[in-house]
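First comes the structure, then the notes that go with it.
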Amino acid sequence: MPDSDASPTEGGSGPDRPEETENEGPGLRNTLANERTLLAWFRTGLALLAASFAVVKLTDITPHALRLAMGSYLIALAIGVIAAGYVQWRIRQARIRKPAPLDRSLPALSLTVALFLLAGFVLAVIVVAP
């Protein structure tokens with residue numbers, strides 16, 4: 001009898017069997033999504049750096065010391081955001097290769113504290129502004 005009775009699962013791995021290539025390895029989609037997220041962290045950090053220079057150079061409605069303090073805080077926050085983005089990228093890249101349980105308590109707490117400090121600076125600018 002000819003081999004035409006053979007089932008589709010008995011053949012080789014040709015282009016008509018895409019399910020094997022999709023389930024092997026970490027997957028290109030996950031890796032690219034992780035890289036896009038890293039770039040978003042970097043973009044946010046650069047925006048914070050730009051905001052720090054704008055606060056220091058372009059505003060004259062608050063005392064110079066307060067502008068320097070707020071600009072310094074924004075620079076520190078930008079460095080923190082970029083560092084946190086890199087750390088998250090490394091963690092997620094490792095999870096793509098080997099899944100592990102999620103732990104979100106420290107990044108959420110750090111972000112909350114940073115946002116409260118930023119809100120405090122904004123309130124200080126509002127109170128001190130003439």
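All values reported here derive from a predicted model rather than from experimental measurement.
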- Message: Side-chain heavy atoms nearer than 4.5 Å, only ILVMFWY residues, links allowed to pass through others: does that put Leu48 and Phe121 together?
- Response: yes
- Query: Measuring from Leu118:CG to Leu123:CG, what's the distance to the nearest 0.5 Å?
  - Reply: 10.0 Å
- Note on the structure: Smallest heavy-atom separation, Trp41 atom then Gln88 atom, equals CZ2-CG, 4.3 Å
- Message: Starting from Leu77, can I reach Leu117 by hopping between I/L/V/M/F/W/Y residues whose side chains sit under 4.5 Å apart?
- Response: yes
- Of Leu49, Val55, Ile79, Val56, which meets side-chain contact (heavy atoms from CB on, under 4.5 Å) against Leu74? Val55
- Closest approach of Ser52 and Gly71, non-hydrogen atoms and distance? CB-O, 3.4 Å
- Single-linkage hydrophobic cluster Leu38~Ile91, side-chain heavy atoms < 4.5 angstrom: no
- Got a donor-acceptor contact below 3.5 angstrom from the Tyr73 side chain to the Ala114 backbone? yes
- Query: Only one of Asn30, Thr37, Thr31 forms a side-chain contact (heavy atoms from CB on, under 4.5 Å) with Arg92, so which one is it?
  - Reply: Thr37
- Task: Identify the heavy atoms of Ala78 and Gly45 that sit nearest to each other, and give their distance.
- Result: CB-O, 3.3 Å
